Protein chains: 2
Amino acid sequence: MQQIKIGLIGFGTVGAGLVDSIGKNGDLIAKRCGVLPIITRIADLDIVSDRGVTLPEGVVLDTDAMALIASPDVEVVVELVGGTGAAKQFIEAALKLGKPVVTANKALLATHGEQLFALAKEKGGEIYFEASAGGGIPCIKALREGLIGNRIKEIYAILNGTCNYILSVMESDSRDFEQVLKEAQAAGYAEADPSMDVDGVDTAHKAAILASLVFGQWFTADDVDIDGIRQVTLNDIHYAASLGYKIKLLAIIKERAGRIQLSVNPSLIPRRSMLGHVNGVYNAVWVNGDIVGTTLYYGRGAGREATSSAVLADIIDVALNLRRNCSNRLPAFPIFKQYQGLINKDELLSRFYLRLQVIDQPGMLAIISGILGKYKISIASVTQKEEIGEKASVPMIILTHQAKNRDMRMALNEISQEKCVLGEPVLFHIEDLD
Amino acid sequence: MQQIKIGLIGFGTVGAGLVDSIGKNGDLIAKRCGVLPIITRIADLDIVSDRGVTLPEGVVLDTDAMALIASPDVEVVVELVGGTGAAKQFIEAALKLGKPVVTANKALLATHGEQLFALAKEKGGEIYFEASAGGGIPCIKALREGLIGNRIKEIYAILNGTCNYILSVMESDSRDFEQVLKEAQAAGYAEADPSMDVDGVDTAHKAAILASLVFGQWFTADDVDIDGIRQVTLNDIHYAASLGYKIKLLAIIKERAGRIQLSVNPSLIPRRSMLGHVNGVYNAVWVNGDIVGTTLYYGRGAGREATSSAVLADIIDVALNLRRNCSNRLPAFPIFKQYQGLINKDELLSRFYLRLQVIDQPGMLAIISGILGKYKISIASVTQKEEIGEKASVPMIILTHQAKNRDMRMALNEISQEKCVLGEPVLFHIEDLD
């Protein structure tokens with residue numbers, strides 16, 4: 001039986017999950033592909049804590065990642081450290097030795113991907129990264145191999161389990177963002193500092209990776225127009241529901257007339273769409289290819305087990321390439337600039353959800369619709385909510401037809417200066433997924 | 001630029017779609033993987049009809065499939081003839097020459113897969129078959145590679161677009177099976193002889209392929225317990241809807257205590273589940289892996305373009321294996337008998353939906369529940385429908401808790417002999433997908 005010798009850097013939750021998964025299913029994997037995965041070395045700053053997993057016999061556990069990388073007992077380096085600091089040095093060191101790398105590190109790839117893949121190419125190494133977007137869902141393999149014959153027109157994706165959990169529970173339990181966030185933190189579904197998740201940064205990292213992959217040119221998180229979910233209120237979720245929509249934090253990756261849209265926004269999507277039914281910590285990637293049409297990939301977007309599953313698949317791809325002498329069988333990020341860069345944010349077209357708090361007097365709609373009309377923004381529906389009890393102001397919800405971002409922002413600016421409009425207007429995109 | 005020379009046998013709808021797709025995206029594919037796909041020969045009995053596609057320059061179009069297979073200008077044979085007759089001879093001829101084969105032929109693989117893959121192994125050839133189940137969805141790649149680290153516990157899948165279209169339209173338009181079938185035939189969504197689809201045979205072929213793949217032992221369509229959708233009435237669809245369910249033709253592939261369940265049944269599934277939202281001609285494959293948990297793959301299950309997309313992905317896999325000298329990099333159907341065969345059909349456990357037409361008199365429920373109780377079948381809910389106008393009989397719908405198939409059949413036999421029960425009872429499985 002052939003083997004593949006694995007060096008694991010980062011013995012945290014996912015690292016322990018990987019050790020567990022290989023212990024459990026290593027023999028099955030060997031039967032399936034003819035190569036037995038064996039962890040020979042593990043490096044972590046903490047070599048004391050009990051991870052609750054049985055270490056494979058003979059494994060070396062120490063704090064010396066560089067020794068692990070250089071060891072002849074390590075053929076593939078699995079980087080599960082995360083972040084853009086030490087992890088980058090580890091990956092560079094491995095690639096410089098021509099060793100293949102498997103990583104789940106979306107922040108690193110979305111920031112330094114171009115440089116790392118160039119180094120891999122130069123040294124004949126490989127980087128596999130299935131776990132960097134969509135967790136356990138084999139969506140990178142689907143995009144890179146399964147849909148290789150397709151020009152990808154658009155991807156809409158739910159890529160952050162924490163945000164999707166918070167938005168789902170806000171709706172199902174009718175509770176506020178802050179309450180649900182606190183509970184999610186207590187339950188371990190959200191970090192103590194939740195900003196990477198709830199401000200959309202993590203989703204933007206993943207979006208940049210998927211966009212680079214399908215469009216064949218490098219994008220970083222800086223290219224992504226990002227809005228998080230902090231401004232989504234329970235009221236908005238309920239209003240959206242009554243109009244047939246759900247609010248999801250959506251990564252939007254589109255090609256239009258040779259330019260690329262890359263954004264992460266809380267967006268209204270049809271309740272009855274497949275993406276509308278993705279709840280809790282689940283992720284999903286909706287892909288429209290010019291030949292295959294619409295496809296969707298769904299599963300757990302994070303967590304010990306799901307991430308291990310993706311890392312394992314990558315390890316086996318690397319193992320087969322090594323044992324069959326076909327490293328770089330399929331180029332990871334073939335770059336062929338065929339698009340003319342990003343769509344100017346001002347020029348982005350979409351439908352909009354607009355919520356205003358207006359004084360409860362006649363003539364309010366005439367004022368608002370007048371301003372929208374001035375900017376050629378056409379109204380699809382208006383709902384004025386009755387409030388219980390006598391109140392001086394009421395919410396007005398407007399759904400628009402397609403409009404330019406710039407026109408909408410200018411109209412909004414003018415609307416918010418009207419005396420009859422109280423507080424800040426709330427604006428979300430609507431994506432009809434058609 | 002490296003090339004891969006393709007011989008296409010079968011120039012029907014999908015064959016023409018493949019020619020079109022390569023014409024459209026061949027250059028893009030070459031940029032992505034470094035190998036340009038080129039169709040050099042096409043064989044079909046009909047070389048006269050206009051398929052509405054531009055043939056690549058220099059392509060040989062004739063009726064001689066065997067000459068195509070033997071030609072030095074053909075490196076990979078794409079079989080799109082279908083059926084278990086000539087197609088088998090073509091594939092065998094190609095494999096005997098050691099040439100790799102790409103096929104969409106589920107009937108052939110579900111019948112003679114064992115023999116064909118043995119021949120491929122003997123001669124060093126390969127068979128790729130992504131399009132044989134799930135159409136354009138790269139679900140075979142997901143199961144074979146993306147989830148290679150997982151022991152698959154169960155698969156629930158909607159694998160026949162015709163059946164799913166008919167059931168979807170019956171519900172959305174409140175029309176009978178026969179009416180919708182006729183319309184589907186007129187629109188080209190169903191064959192003139194629809195039995196392969198509506199009687200569940202096509203789904204069983206695909207289920208056998210998926211089961212063989214994930215469990216590592218051969219199953220044929222004969223191993224599948226098959227029921228089609230002809231007995232699904234509009235009333236059943238409505239009753240199921242009122243109880244929170246949809247009726248779908250489901251392929252069920254499960255491992256329980258070392259034995260395998262393989263069945264194709266019209267089944268009630270929760271309306272709110274992801275599979276419950278798969279409508280029209282779409283297919284979806286719900287997979288539960290022991291590490292990754294639940295994942296789902298969704299897309300068009302048939303048709304010119306979707307099938308071409310899957311065939312193209314296979315061609316590129318073969319091309320990379322050839323050009324990088326790593327044929328059989330990953331064994332297609334590694335066989336390692338680890339299960340003790342099929343679960344005896346009598347022993348199958350599931351919940352049931354039972355519809356009876358009973359005389360509208362007091363005491364009916366006592367009689368029915370008495371018989372069910374005798375066979376230790378526990379009732380989860382009962383609904384007795386009021387009929388408009390005075391009728392002598394009314395429908396009674398019973399949902400049971402888990403029960404053995406044999407017990408249910410025996411109870412049903414006894415129930416149908418009661419004088420108060422009119423006509424044939426209707427029985428469907430309930431799958432809660434949890």
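In this text the structure is predicted, and so the values were computed from the model without any measurement.
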If you tally heavy-atom pairs under 4.5 Å between each of Gly34(A), Ala142(A), Ala306(A), Gly135(A) and chain B, the highest tally belongs to Ala306(A)
Given that the side chain runs from C-beta out, which part of Asn321(A) has a heavy atom under 4.5 Å from chain B: side chain, backbone, both or neither?
both
State, with a plain yes or no, whether a side-chain heavy atom of Tyr282(B) is found less than 4.5 Å away from one of Met274(A).
no
Identify the two heavy atoms, one from Ala313(B) and one from Ile148(A), that lie closest to each other, and give their separation to 0.1 Å.
CA-CG2, 4.1 Å
Within a strict 4.5 Å, meaning less than it, do heavy atoms of the Arg329(A) and Asp317(B) side chains meet?
yes
How about CZ on Phe215(A), more than 12 heavy atoms from neighbouring residues, nucleotides or ligands closer than 6.0 Å, or not?
yes
A quick test of your reading: do over 12 heavy atoms of other residues, nucleotides or ligands sit less than 6.0 Å from CG of Asp27(B)?
no
Can you tell me if CZ on Arg271(B) sees more than 12 non-hydrogen neighbours from other groups inside 6.0 Å?
yes
Segment of Asp314(A) engaging chain B (4.5 angstrom heavy-atom cut-off)
neither
Parallel under 30°, tilted from 30 to 60°, perpendicular over 60°: which one fits the rings of Tyr297(B) and Tyr297(A)?
perpendicular
Report yes if the side chains of Val292(B) and Arg300(A) come closer than 4.5 Å at any heavy-atom pair, otherwise no.
no
Counting heavy-atom pairs under 4.5 Å to chain A, which of Asn279(B), Leu296(B), Val35(B) comes out on top?
Leu296(B)
Name the member of Ile315(A), Asn150(A), Ile29(A), Val311(A) that forms the most heavy-atom pairs with chain B at distances under 4.5 Å.
Asn150(A)
Quick one: what part of Val214(A) sits under 4.5 Å from any heavy atom of chain B, side chain, backbone, both or neither?
backbone
Below 4.5 Å from any heavy atom of chain B, which atoms of Asn325(A) appear? Answer side chain, backbone, both or neither.
backbone
As an exercise: rank Asn283(A), Leu312(A), Leu28(A) by heavy-atom pairs under 4.5 Å with chain B and give me the winner.
Leu28(A)
Quick one: are Leu330(B) and Arg324(A) in side-chain contact, heavy atoms under 4.5 Å?
no
Between Gly136(A), Pro334(A), Ser309(A), the one whose heavy-atom pairs under 4.5 Å with chain B are most numerous:
Ser309(A)
Tell me which of these, Gly146(A), Gly293(A), Gly299(A), has more heavy-atom pairs under 4.5 Å with chain B than the rest.
Gly146(A)
If you count heavy-atom pairs within less than 4.5 Å of chain B, which of Ser273(A), Pro331(A), Gly289(A) leads?
Pro331(A)
Which atom pair, heavy atoms only, marks the closest approach of Gly149(B) to Asn25(A)?
O-ND2, 2.8 Å
Turns out that what part of Glu145(A) lies under 4.5 Å from chain B's heavy atoms comes down to both
So, the part of Asp290(A) with a heavy atom under 4.5 Å from chain B: the answer is both
